Amino acid sequence: MRFALEDSSDDESISSLDYSISSDDELDLTPSRNPRSTLGRNILSAYETSEDELNSEDEVNLGLDDEWDIVKAKAREGPSWREKKEKSVKKDVKGKGVARSKISSTLSYKVLTPKKNIPISRKAEDLTDEREGQYDLWLNTADQEAWRDGQKQATERRGQIRNIASNARARLQSQEQDRLAKEAEELRMMMEGMTMKLHKEGEELERQFKEREKKLWDDIDAAIKEVERREAELAAATMAAVQRQKAEEEARRAQAEKLALAHKAEEDRKAREQAEKEKQIQSAKEEEERKQLAEKEHEETKAKVAAEKDRAGGEWRKWVEKQKWMKINVIEPVKGDRSTKTTLRAGMRLMTRGLGQVVNTQESIVRVTNDLHAILTEQLPSPPSPASPVILNDDTSKPYAYLLSHLSKALIKQAESEVNAKADAAFPLARIVFGLILRGHAALGEVLFARFVKKCPWVVPYYPSRQTSQSREEYEKSTGRGSDESLAEYISRMAGICTLYFAILQTPLSSLIPTTSVLPPTPSQLESLIIPPLRFPSAWKWLALALKDTFPVLPPVAHLISTWIDITAHEAVNRYGKGQMSKIWEAIEREGLGEGKIKGDSEAARQRLKLVLEKWRRGEVEVPKGRVWE
């Protein structure tokens, strides 16, 4: 459809309106190429203009806002000029045929509609009215469609124009920012150039100033050096004169001193000779005094050694005599009485079997101790107790004392065999010994230690000397050594017996007292029950005697000291303190092993002692295995 509209400000009628309808569905809505109104021209211009052509802010405003607002305002005011004109045309069509012919001459249209059968008798007016109605309908429809299409296209074009304007403003702002950035960069470069120029000028000024200053100070230094040179020359001349004068004075003084020294040297020589004579006299006197003092100390030392040895020998002889007394007054009489020996034989077998079967548990030790206590009590008129213990004397029952001797002999047999192979087997035997003593069998301590001394004098410790009238067999028997026993076997057996003795010394009584069925002993009762050789202080005494004088050179000593440390050292540290015992370890290691005083029977024995000492010196204190019963 093609159409042309007059300017919206005119009220004239439509001069020309061409349209054609080729079908009911297709319409040509392309605007006319020769619009007469400003609005039409603006719309045509906007329609034909592309986005690429609108590239500046000057082409943004197309005049649509004002013109289009006028069209909308007029539409709201009331009937338009076309509506008024159509009403007048209808009146003219009804009244005058001229007007009808005028409209028909100016309008050309073609409507394609289905053919209908129209009655021939219909009047011409009805046909005219029907065509006018169709025209009016088409006219209204065309106006509305044109108005809507124009408004839609104007709205779209305004959006495009606004986008173009926004893009244009953004480009202008970007260009402005680029220009400002470029100016800022130029300004920065200019400032840097000025700064570099000022810096170079400052460096140049500084260099010139330093050169002037250096020159000034060089002149000053040169002047000072010149003055110093002149002063030095003057001082040197003065010093040379003074030195010449001083040399002359020193030569005179040296001559005088030389004469004085010669005189003094003569006097000193005479004085030294006199002093040397006096010193020789004094030295001879002091040497005589030292010799007398050394002889005195040697005599005292010999006396002390003899006393110590005699004390150990006296202790050994005391218990040897006790064993002889037991043999004469107990063992031989009972052996001579056949009936008594036969009566005691069953109890003796039970004793030996009980000691051989005991293990290191509280139940086993207490059971064996009670069995031995019952066997011994059968030979007494009344059961012993800590308050009324059995003491070894002439009034003691001989069968009872014989059983104690047999029990001691069985304990030593266990020490020589089982304890020698396994040291922790000594601890349950030691508990049995003290268990019986705490039940009132105080005589067991004397009998047992007497047999200890007979079989092993090292428990004192003491090593008897051979007497002139003593045979080799008798002498070896006094030392506890068998006639056909090697040195290694002898030392091993002595170590087993000493292990049992050391185990007895360190046994804590506090764990045994609750297992007895009698009242606990008082401190005074313990004094009478336990003989001194079985108390723990004897362990310290044993070590002191073993390290005395020539005793350490004896072959068994190294092995026995190692045994003492293994069994007794833990309790010694608890009693005497780690510091005190550390001094003992250090002395044994430094003097005994380092200086070769402890010989031992072999290098293996010395190395074993060294390893034991190193362990204790490092603080690796270990509780002996078996010391705590299970």
Side-chain angles (χ1 to χ4, degrees), residues 312 315-316 318-320 322-323 326 355 358 360 365 404-405 407-438 441-464 478-481 490-509 512 529-547 551 554 556-572 575 612 624-627:
E315 186 76 8
W316 175 77
K318 169 187 171 182
W319 292 105
V320 169
K322 178 68 71 173
Q323 181 61 27
M326 282 287 298
L355 292 177
V358 68
N360 195 26
I365 293 171
L404 291 181
S405 177
L407 178 60
S408 301
K409 187 175 181 180
L411 287 169
I412 293 175
K413 286 290 183 182
Q414 285 291 109
E416 291 175 335
S417 57
E418 185 175 356
V419 174
N420 187 27
K422 188 179 179 183
D424 55 347
F427 294 101
L429 299 177
R431 288 190 176 92
I432 290 174
V433 170
F434 270 120
L436 292 173
I437 291 175
L438 292 175
H441 300 283
L444 176 60
E446 294 184 70
V447 175
L448 177 62
F449 194 73
R451 188 163 286 275
F452 269 150
V453 172
K454 176 186 176 183
K455 290 291 184 178
C456 177
W458 299 99
V459 298
V460 175
Y462 179 73
Y463 191 73
S478 67
T479 61
R481 185 173 181 177
Y490 170 69
I491 293 174
S492 177
R493 190 167 55 84
M494 295 298 102
I497 297 174
C498 287
T499 299
L500 176 59
Y501 175 59
F502 296 151
I504 293 173
L505 293 180
Q506 62 83 50
T507 299
L509 301 180
L512 293 172
L529 284 172
I530 303 173
I531 61 174
L534 299 184
R535 300 172 189 171
F536 185 76
S538 295
W540 181 269
K541 176 184 175 183
W542 186 95
L543 185 63
L545 291 174
L547 298 175
F551 204 79
L554 298 175
V557 172
H559 195 96
L560 297 180
I561 292 177
S562 298
T563 303
W564 188 95
I565 295 174
D566 288 337
I567 303 299
T568 315
H570 179 268
E571 184 65 19
R575 297 242 186 153
V612 171
K625 184 180 179 181
R627 186 175 190 271

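FYI, the numbering just counts along the sequence from 1. This is a predicted model, so every value here is computed, not measured.
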Checking the side chain of [X] only, and the main-chain atoms of [Y] only, is there a donor and an acceptor separated by less than 3.5 Å?
X	Y	value
Asn360	Gly626	yes
Arg575	His570	no
Ser417	Lys413	yes
Arg535	Leu505	no

Hey, are the side chains of [X] and [Y] touching, using non-hydrogen atoms and a 4.5 Å cut-off?
X	Y	answer
Pro556	Leu554	yes
Phe434	Pro508	no
Val433	Leu429	no
Ile432	Leu411	no
Gln323	Trp319	no

Can you measure from [atom1] ([X]) to [atom2] ([Y]) and round to the nearest 0.5 angstrom?
X	Y	atom1	atom2	value
Leu529	Leu534	CG	CG	11.5 Å
Thr499	Glu416	OG1	CD	12.0 Å
Arg493	Ile412	CZ	CD1	10.0 Å
Phe536	Gln506	CZ	CD	8.0 Å
Ile565	Leu560	CD1	CG	11.5 Å

Item to check | Contacts of Asn420 that satisfy side-chain contact (heavy atoms from CB on, under 4.5 Å) - sequence neighbours left out | outcome: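 Ser492.
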May I have the list of side-chain donor-acceptor pairs in residues 443-461 shorter than 3.5 Å, sequence neighbours left out?
unit_1: Glu446; atom_1: OE1; unit_2: Lys322; atom_2: NZ; d: 3.4
unit_1: Arg451; atom_1: NH2; unit_2: Ser405; atom_2: OG; d: 3.1
unit_1: Trp458; atom_1: NE1; unit_2: Tyr490; atom_2: OH; d: 2.8

Next on the checklist: So which atom in Ala546 and which in Val557 form the shortest heavy-atom distance, rounded to 0.1 Å?
Outcome noted: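 It is O-CG1, 4.0 Å.
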Item to check | ring pair (Phe, Tyr, Trp, His ring centres under 6.0 Å) between Phe502 and Trp542, worked out | outcome: CA-CA 10 Å; Phe502 296 151; Trp542 186 95; 5.0 Å; yes
